[in-house]
Amino acid sequence: MDLVYEWFKPAALTDLQFTILVSLSFVTSAVTALMGAGGGALLIAVMASFMPAAAIIPVHAVVQLGSNGGRLLLMRKDVDRYLVWWFVVGTVIGAVIGGNIAVSLEPAYLQLILGGFILLSCWVPITAALKGKKSLTVLGALTSFLTMFVGATGPFVIASMRHIIADKQKLVGTMAALMSAQHLIKAVVFGGLGFAFADWAGVIVLMIFTGFFGTMTGQALLQRVSNEKFQLALRIMLTFLALRLIGSALGF
């Protein structure tokens, strides 16, 4: 029994930290399934407080792939496939470029830019004109590039996509597809760059497992919320996350 437990728990984590990560995966997946984004940002904030720096973003990528993949499975009928295809084209470009310089760029500047853009997108319709395959490809490339440094760019993407997709079910379902693609490509890039995913395989499996149940919980809550209340709650949540990013970049 001890050998099984030791396989699941990475040596770099204490028992308490291991328990926190597995439990938090349920909560953050529920948040993302309900709001379309936000859970990944909360998860990476906690991971950054006690995980080795080199492991944070690669492990987060695989866990979020599992979380978003589960949501995609449950909400596959709500996905706008046209938007996904052109977003993925840009994602490949951004991930390859970002992955190759991720170790040399100061993330605080990116957090500041990301937080500022989210705030503007929430309260000023600067992305309301986002249309066409070229715009979606640019959005995919830019957010994929950023996610190699700051980890969670779901709030950035949904701040733009909320101007394109008004229906809450379709927005959350399409976001699941966009983020699944982005995290998959990011994980492949980090694997190609030599990250040892095997050292973290046990806790990743458990976090994906608990995250799936969180996704089902969040989806059930989503069906009970009106479109108007959903949009208001989404703007409030994105504003909070943007301010947190800006505060982190400024050292608060």
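Note that the structure is a prediction, hence the values are computed from the model and not measured. Residues: numbered from 1 along the sequence shown.
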Spell out, as yes or no, whether a donor-acceptor pair under 3.5 Å connects the side chain of [X] to the backbone of [Y].
{"X": "T174", "Y": "L171", "result": "no"}
{"X": "K229", "Y": "A233", "result": "no"}
{"X": "T19", "Y": "D15", "result": "yes"}

So which atom in [X] and which in [Y] form the shortest heavy-atom distance, rounded to 0.1 Å?
{"X": "A177", "Y": "V79", "result": "CB-CG1, 3.8 Å"}
{"X": "V31", "Y": "G39", "result": "CG1-N, 3.9 Å"}
{"X": "V59", "Y": "I204", "result": "CG1-CG1, 3.9 Å"}
{"X": "L21", "Y": "M51", "result": "CD1-SD, 4.0 Å"}

First locate atom [atom1] of [X], then atom [atom2] of [Y], and finally report the distance between them rounded to the nearest 0.5 Å.
{"X": "I20", "Y": "M47", "atom1": "CD1", "atom2": "CE", "result": "12.5 Å"}
{"X": "F26", "Y": "L206", "atom1": "CZ", "atom2": "CG", "result": "15.0 Å"}
{"X": "R81", "Y": "R76", "atom1": "CZ", "atom2": "CZ", "result": "9.5 Å"}

Test item: [X] and [Y] side chains (from C-beta on) under 4.5 Å apart, heavy atoms:
{"X": "F18", "Y": "S23", "value": "no"}
{"X": "K186", "Y": "Q64", "value": "no"}
{"X": "L178", "Y": "Q182", "value": "no"}

Is it true that [X] and [Y] fall in one hydrophobic cluster, defined by side-chain heavy atoms closer than 4.5 Å?
{"X": "L65", "Y": "V88", "answer": "no"}
{"X": "L184", "Y": "V189", "answer": "no"}
{"X": "I57", "Y": "F50", "answer": "yes"}
{"X": "V205", "Y": "L73", "answer": "no"}
{"X": "V188", "Y": "L72", "answer": "no"}

Worksheet item: Going through the distances and angles, do D78 and V172 end up as a side-chain contact (heavy atoms from CB on, under 4.5 Å)?
Response: CA-CA 8 Å; D78 297 307; V172 174; over 6 Å; no
Worksheet item: Stepwise, does the side-chain contact (heavy atoms from CB on, under 4.5 Å) test hold for K9 with V203?
Response: CA-CA 6 Å; K9 188 185 79 67; V203 70; over 6 Å; no
Worksheet item: Between F212 and M207, does a side-chain contact (heavy atoms from CB on, under 4.5 Å) hold up when you go through it step by step?
Response: CA-CA 9 Å; F212 184 73; M207 290 177 74; over 6 Å; no
Please tabulate, for side-chain N and O atoms in residues 213-222, each donor-acceptor pair with protein atoms closer than 3.5 Å (sequence neighbours left out).
unit_1 : atom_1 : unit_2 : atom_2 : d
T215   : OG1    : G211   : O      : 3.1
T217   : OG1    : F213   : O      : 3.0

Worksheet entry | Non-neighbouring partners of F197 that pass ring pair (Phe, Tyr, Trp, His ring centres under 6.0 Å), sequence neighbours left out | F195
Practice prompt. Any pair with a residue in residues 27-39 that passes side chain to side chain donor-acceptor pair (under 3.5 Å), sequence neighbours left out, goes on the list, sorted by first then second residue, please.
Written response: S29-S67
Item to complete: Check the pair H60 / H183 against side-chain contact (heavy atoms from CB on, under 4.5 Å), numbers first and verdict last.
Response: CA-CA 9 Å; H60 180 266; H183 286 298; 4.2 Å; yes
